Protein chains: 2
Amino acid sequence: MKPRVFKDAIYEQIARIGKSLGSGPRLEILDLLCQGPRTVEVLAGQMGQSVANTSRHLQVLRGARLVEAEREGVYVRYRLADSEVCAFFLTLRKLAESRLLEVDEITREFLEARNTMEPVDRDLLVERVRSGKVTVLDVRPAEEYLAGHIPGAVSIPLEQLEERLAELPSDREIVAYCRGPYCVMALDATDTLQSNGFEATRFEEGIADWRARGLHVAVGSEG
Amino acid sequence: MKPRVFKDAIYEQIARIGKSLGSGPRLEILDLLCQGPRTVEVLAGQMGQSVANTSRHLQVLRGARLVEAEREGVYVRYRLADSEVCAFFLTLRKLAESRLLEVDEITREFLEARNTMEPVDRDLLVERVRSGKVTVLDVRPAEEYLAGHIPGAVSIPLEQLEERLAELPSDREIVAYCRGPYCVMALDATDTLQSNGFEATRFEEGIADWRARGLHVAVGSEG
DNA sequence: TGCATATTCAAATATTAGCTTGAATATGTG
DNA sequence: CACATATTCAAGCTAATATTTGAATATGCA
């Protein structure tokens with residue numbers, strides 16, 4: 001085998017992964033799978049896409065060996081092939097945030113339209129969350145909380161928030177988080193909390209970012 | 001702006017980077033630019049591609065903000081937009097190596113056809129190189145050596161190796177390296193050295209991997 | 001100013017990918 | 001065994017991409 005053929009073959013292999021990352025819907029799938037395994041139907045529902053199309057994207061990702069499928073009765077459950085894939089997705093997202101001005105522009109535009117101000121000092125917020133100086137609120141669906149959450153966080157899925165406000169302290173700051181910077185659940189939650197007189201802040205990182213920071217992740221009903 | 005529109009826009013932005021990584025030639029360009037800046041003509045020559053096509057690929061990468069161009073007289077010199085891009089490329093390469101069996105298969109097939117046996121313990125070799133227990137030989141073109149090399153390494157470009165054998169010690173192990181695992185220059189060098197009676201090993205990592213390990217990189221004619 | 005060279009652009013073609021629709025497959029249940 | 005449901009497959013259309021070729025642009029130098 002000639003060196004040229006060898007190199008072309010190797011780079012073409014790496015490009016298999018690149019190609020699979022070249023589609024918005026597929027990146028959203030990866031982001032969702034970072035929260036935990038999901039069936040095709042659930043993914044399609046969360047993305048607002050047809051099941052057939054979602055299935056197709058999943059197979060492209062499977063072809064690039066980034067996700068794996070497992071039959072569970074009548075359902076097929078997809079998961080990331082390795083935790084390395086989640087870490088890689090975060091690296092890619094971070095690269096996009098630092099290299100593409102548009103990401104920041106779009107985010108600012110979105111937040112301004114909601115009259116939302118983002119907290120600036122991310123690390124300081126991490127420290128307050130980590131040290132338990134605030135009440136941490138996880139507003140994702142219960143199963144995602146069970147699959148992994150910030151230690152000490154309280155689970156109240158967004159849909160139940162209004163009817164369970166009594167469970168939250170009114171004399172202590174509440175920090176709400178969800179799936180990550182481009183998930184809007186925690187934004188909705190802080191809006192609801194603030195209009196009910198609570199002192200609430202949004203924490204824009206998700207559990208995957210938390211793990212990537214090397215911090216402990218609680219599972220099940222643990223702390 | 002609706003959350004769905006916002007999310008789609010964000011993921012589409014990240015996909016810009018993904019798309020740019022979905023082509024073998026473009027990944028080779030990134031790999032080469034990790035060694036240092038280059039003009040379009042040089043890149044095209046090193047890849048065996050037409051200048052026009054190389055230029056086109058470079059603009060795709062520039063559109064994804066991964067590379068930057070700078071006019072230098074009659075030439076245009078391209079470089080990585082940030083050292084973060086090089087680190088990211090290495091992460092992607094590593095992901096491909098660990099997730100895609102084919103990468104290993106192709107490499108093994110290529111090496112077996114050359115009757116080459118790769119050293120197994122990479123970290124041990126790094127340690128021997130780092131501690132100066134061996135003579136380290138950089139066989140890349142001189143300008144790449146000047147742009148950054150392993151501290152203590154001797155520079156003898158591959159084309160000059162046969163006529164400069166006398167500069168190398170015959171009583172001490174020589175470890176040759178080049179641009180990285182998919183560059184064949186160090187393989188050719190160890191072949192030449194071994195058939196001339198030297199004790200030679202190939203170090204398959206490049207200067208970018210060395211830097212990513214957090215080790216010091218010498219520049220210019222330093223050490 | 002005009003020529004030589006490096007790079008980019010534009011047009012054209014072939015290939016590949018995305019999405020939709022409707023059918024096919026596979027599993028669990030009555 | 002037949003039915004219901006979840007998932008995948010196949011066909012077809014549209015859109016995007018890779019590559020080549022030839023022309024256009026921009027810079028340095030005489």
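The chains referred to below are lettered A, B, ... by the order of the sequence lines, with proteins before strands, and numbering in each begins at 1. Side chains included, hydrogens not; waters and symmetry mates left out as well; all remaining heavy atoms used. This structure is a prediction, so every number in the text was calculated from the model and none was measured.
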Mind calculating the distance between [atom1] ([X]) and [atom2] ([N]) to the nearest angstrom?
X	N	atom1	atom2	value
E70(B)	dT7(C)	CD	C1'	15 Å
L58(B)	dA6(C)	CG	P	16 Å
Y11(A)	dA18(D)	OH	P	18 Å
Y75(A)	dT5(D)	OH	C1'	8 Å
L27(B)	dA18(D)	CG	P	11 Å
E12(A)	dT15(C)	CD	C1'	13 Å
I29(B)	dA18(D)	CD1	P	11 Å
E41(A)	dT27(C)	CD	P	18 Å

Q) Going 5' to 3' along nucleotides 16-26 of chain C, which nucleotides have protein heavy atoms under 4.0 Å from the base (write B), which only from the sugar-phosphate (write S), and which from neither (write -)? A) -SSBBB-----
So, is [X] close to the [N] phosphate, meaning a side-chain N or O under 4.0 Å from OP1 or OP2?
X	N	value
Q59(B)	dT7(C)	no
Y78(A)	dT8(D)	yes
S55(B)	dT8(C)	yes

Q: Quick one: closest heavy-atom pair of R140(B) and G148(B), and the distance?
A: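 In terms of heavy atoms, the two residues are closest at NH2-O, 2.7 Å.
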Q) In terms of side-chain heavy atoms, does S98(B) have a donor or acceptor partner in E84(A) at a distance below 3.5 Å? A)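 Side chains of S98(B) and E84(A): pair found under 3.5 Å.
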Q) Does one side chain, of Y177(A) or D138(A), offer a donor that lies under 3.5 Å from an acceptor on the other? A)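 The criterion, which ignores hydrogens and geometry beyond distance, is satisfied for D138(A) and Y177(A).
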Q: Run through T190(A), V175(A), V184(A) and flag the one making a side-chain contact (heavy atoms from CB on, under 4.5 Å) with R202(A).
A: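 Of the listed options, the one satisfying the test is T190(A).
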Q: Using side chain to side chain donor-acceptor pair (under 3.5 Å) as the criterion, list what pairs up with R4(B), not counting sequence neighbours.
A: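 If we apply the side chain to side chain donor-acceptor pair (under 3.5 Å) test to R4(B), skipping adjacent residues, the hits are E28(A), D8(B).
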Q: Would you mind telling me which residue lines up with the more 5' stretch of DNA chain C, G73(A) or V42(B), judged by nearest nucleotide?
A: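 Final value for this comparison: V42(B).
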Q: Can you tell me which residue pairs pass the salt bridge (Lys or Arg N to Asp or Glu O under 4.0 Å) test with a partner in residues 55-65 of chain A, sequence neighbours excluded?
A: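 For residues 55-65 of chain A, and leaving out neighbouring residues, the salt bridge (Lys or Arg N to Asp or Glu O under 4.0 Å) pairs sorted by first residue read R65(A)-E102(B).
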Q | Sidechain N-carboxylate O distance under 4.0 Å for R211(B), E205(B) | A |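 Here R211(B) does not pair with E205(B) in a salt bridge, since their nearest N and O are not under 4.0 Å apart.
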